[in-house]
Amino acid sequence: MNHLIYDKITPIYKTIREVPVEGKKQLKRQEGSSDIISQVNIEVKAWASEKLSEIERLRDLEKYRKDFLGNVSHELKTPIFNIQGYVLTLLDGGMDDPKINRLYLERTERSIDRMISIVEDLESITKLESGELKLNWETFDIVKLTEDVFELELMEAQERRISLLFQQTNTKPLWVLADKKRIFEVVSNLVMNGLKYGKKGGYVKVGFFDMDDHVLVEVSDNGLGISKQDLPRIFERFYRVDKSRSRQQGGTGLGLAIVKHIIEAHDQTIQVRSVLDKGTTFTFTLEKGTPGK
């Protein structure tokens with residue numbers, strides 16, 4: 001009876017555990033010391049649990065793929081339709097009207113620039129994910145870099161009546177080891193995010209904290225904030241908390257996704273906390289650097 005059971009169960013065992021030919025002898029050696037049916041039962045349960053997890057992961061990936069493709073097509077569709085409308089208007093006689101032709105050509109250029117931005121951001125994310133984009137490591141002053149970002153975004157901040165501030169009143173040079181160009185992109189994205197969703201008369205603050213071998217950078221604002229259900233998804237590509245308002249503010253919807261990939265490419269982490277209508281705070285770490293190295 002044992003041999004009969006063994007002959008029926010062995011193919012199942014070999015299938016679920018991908019046991020090689022010599023596995024039959026290994027299973028026989030265990031037969032005398034334990035109940036083979038109980039043994040295979042345990043193996044089947046483990047195999048089923050493993051396959052169930054794999055199926056769930058594949059379902060999540062498929063959902064993500066569909067959402068991603070839908071978002072890409074939607075983001076590209078708007079500027080494409082705009083360009084089509086402007087060109088058709090010009091072809092229908094608008095070119096002969098000097099008040100219309102220049103205006104529509106300028107609008108066409110803006111739509112083309114938006115498409116280029118989306119494609120370039122997608123390319124950056126793809127390179128970061130695949131490891132194709134190599135980091136250019138150097139030591140630089142993160143405080144000076146932030147001052148450069150503030151200077152770049154000053155006009156935007158003034159238009160929105162939002163102050164750009166340091167949390168510390170006397171901020172001394174703070175050296176970090178990272179890719180300067182990419183970290184500039186990170187700080188610029190986070191500051192611009194605070195400006196887009198800030199309130200008139202509000203602020204965007206950047207602070208620095210000593211964490212032994214690392215520096216913690218904090219970018220905070222007192223703007224609209226993010227709801228709890230939206231927080232886990234804000235680093236997803238094209239995910240927008242308020243879709244209509246986000247598109248009015250401009251941008252590709254890829255900024256925070258790029259930020260996350262850049263920080264992770266440095267083997268560091270980025271976190272976010274937020275309270276609706278009170279503001280949002282992003283924090284990330286960087287490795288300390290030594291000047292002159």
Notebook entry, point to check: Should Val87 and Tyr104 be marked as a side-chain contact (heavy atoms from CB on, under 4.5 Å) after you check the CA-CA gap, both sets of side-chain angles, and the distance that decides it?
Noted result: CA-CA 8 Å; Val87 171; Tyr104 275 36; over 6 Å; no

Minimal non-hydrogen separation, [X] against [Y], with atom names:
{"X": "Gln271", "Y": "Thr269", "value": "NE2-CB, 4.1 Å"}
{"X": "Gly225", "Y": "Thr280", "value": "CA-OG1, 3.5 Å"}
{"X": "Leu90", "Y": "Asn101", "value": "CD2-CA, 3.5 Å"}
{"X": "Thr281", "Y": "Ser220", "value": "OG1-CB, 3.3 Å"}
{"X": "Ser274", "Y": "Ile226", "value": "OG-N, 2.7 Å"}
{"X": "Leu276", "Y": "Ser227", "value": "CD1-N, 3.6 Å"}

Checklist line | Pairs where residues 209-234 contributes a residue and the test ring-ring contact (aromatic ring centres under 6.0 Å, His included) is met, not counting sequence neighbours | finding: none

Notebook entry, point to check: Does any pair with a residue in residues 260-284 pass ring-ring contact (aromatic ring centres under 6.0 Å, His included), and if so which ones, sequence neighbours excluded?
Noted result: Trp137-His266

With heavy-atom distances below 4.5 Å as the criterion, would you say the side chains of [X] and [Y] are in contact?
{"X": "Phe81", "Y": "Gln84", "answer": "yes"}
{"X": "Ile258", "Y": "Ile262", "answer": "yes"}
{"X": "Leu231", "Y": "Val272", "answer": "yes"}
{"X": "Met192", "Y": "Leu190", "answer": "no"}
{"X": "Leu105", "Y": "Tyr86", "answer": "no"}
{"X": "Ile83", "Y": "Ile112", "answer": "yes"}

How long is the straight-line distance from [atom2] of [Y] back to [atom1] of [X], given to the nearest 0.5 Å?
{"X": "Leu216", "Y": "Thr283", "atom1": "CG", "atom2": "OG1", "result": "5.5 Å"}
{"X": "Arg160", "Y": "Glu153", "atom1": "CZ", "atom2": "CD", "result": "10.0 Å"}
{"X": "Gln158", "Y": "Leu195", "atom1": "CD", "atom2": "CG", "result": "11.0 Å"}
{"X": "Glu156", "Y": "Ile162", "atom1": "CD", "atom2": "CD1", "result": "8.5 Å"}
{"X": "Met115", "Y": "Asn82", "atom1": "CE", "atom2": "CG", "result": "10.5 Å"}
{"X": "Asp221", "Y": "Asn193", "atom1": "CG", "atom2": "CG", "result": "7.5 Å"}

Tell me whether [Y] is reachable from [X] by hopping between hydrophobic residues (I, L, V, M, F, W, Y) whose side-chain heavy atoms are closer than 4.5 Å.
{"X": "Leu254", "Y": "Val119", "result": "no"}
{"X": "Val186", "Y": "Leu152", "result": "yes"}
{"X": "Val215", "Y": "Met211", "result": "no"}
{"X": "Phe166", "Y": "Ile183", "result": "yes"}
{"X": "Phe184", "Y": "Trp175", "result": "no"}

Notebook entry, point to check: Taking ILVMFWY side chains as joined if any heavy atoms are under 4.5 angstrom apart, and letting links pass through other members, which residues group with Leu88?
Noted result: none

Notebook entry, point to check: Under the criterion side chain to side chain contact (heavy atoms under 4.5 Å, CB included), which of Val217, Val143, Ile142 is the partner of Val176?
Noted result: Ile142

Notebook entry, point to check: Looking only at side chains, do Thr285 and Gln268 share a donor and an acceptor under 3.5 Å apart?
Noted result: yes

Item checked: Pair Thr89, Asp92: side-chain N/O donor-acceptor within cut-off below 3.5 Å -> no

Salt-bridged, [X] to [Y], with N to O below 4.0 Å?
{"X": "Glu106", "Y": "Arg102", "result": "yes"}
{"X": "Asp210", "Y": "Lys288", "result": "yes"}
{"X": "Glu147", "Y": "Lys144", "result": "no"}

Margin query: Has Asp141 got a side-chain atom pairing as donor or acceptor with Leu174's backbone, closer than 3.5 angstrom?
Written below: yes

Next item on the list: Please check if the side chain of Lys199 supplies one atom and the backbone of Gly279 the other of a donor-acceptor pair under 3.5 Å.
Entry: no

Notebook entry, point to check: When you look at Ile270 and Val259, which way does the side-chain contact (heavy atoms from CB on, under 4.5 Å) test go after all the steps?
Noted result: CA-CA 9 Å; Ile270 182 167; Val259 164; 3.5 Å; yes

Checklist line | Contacts of type side chain to side chain contact (heavy atoms under 4.5 Å, CB included), residue Lys180, not counting sequence neighbours | finding: Glu138, Phe140, Leu145

Please list, one pair per line, the donor and acceptor atoms closer than 3.5 Å that link side chains of residues 200-208 to other protein atoms, with sequence neighbours excluded.
none

Next item on the list: Apply salt bridge (Lys or Arg N to Asp or Glu O under 4.0 Å) to the pair Arg273 and Glu218, showing each step before the final yes or no.
Entry: CA-CA 11 Å; Arg273 60 183 187 274; Glu218 182 177 278; 3.3 Å; yes

Note to self: Taking salt bridge (charged side-chain N to carboxylate O under 4.0 Å, His left out) as the definition, give me every residue that meets it alongside Asp212, ordered by chain and number, with sequence neighbours left out.
What the structure shows: none

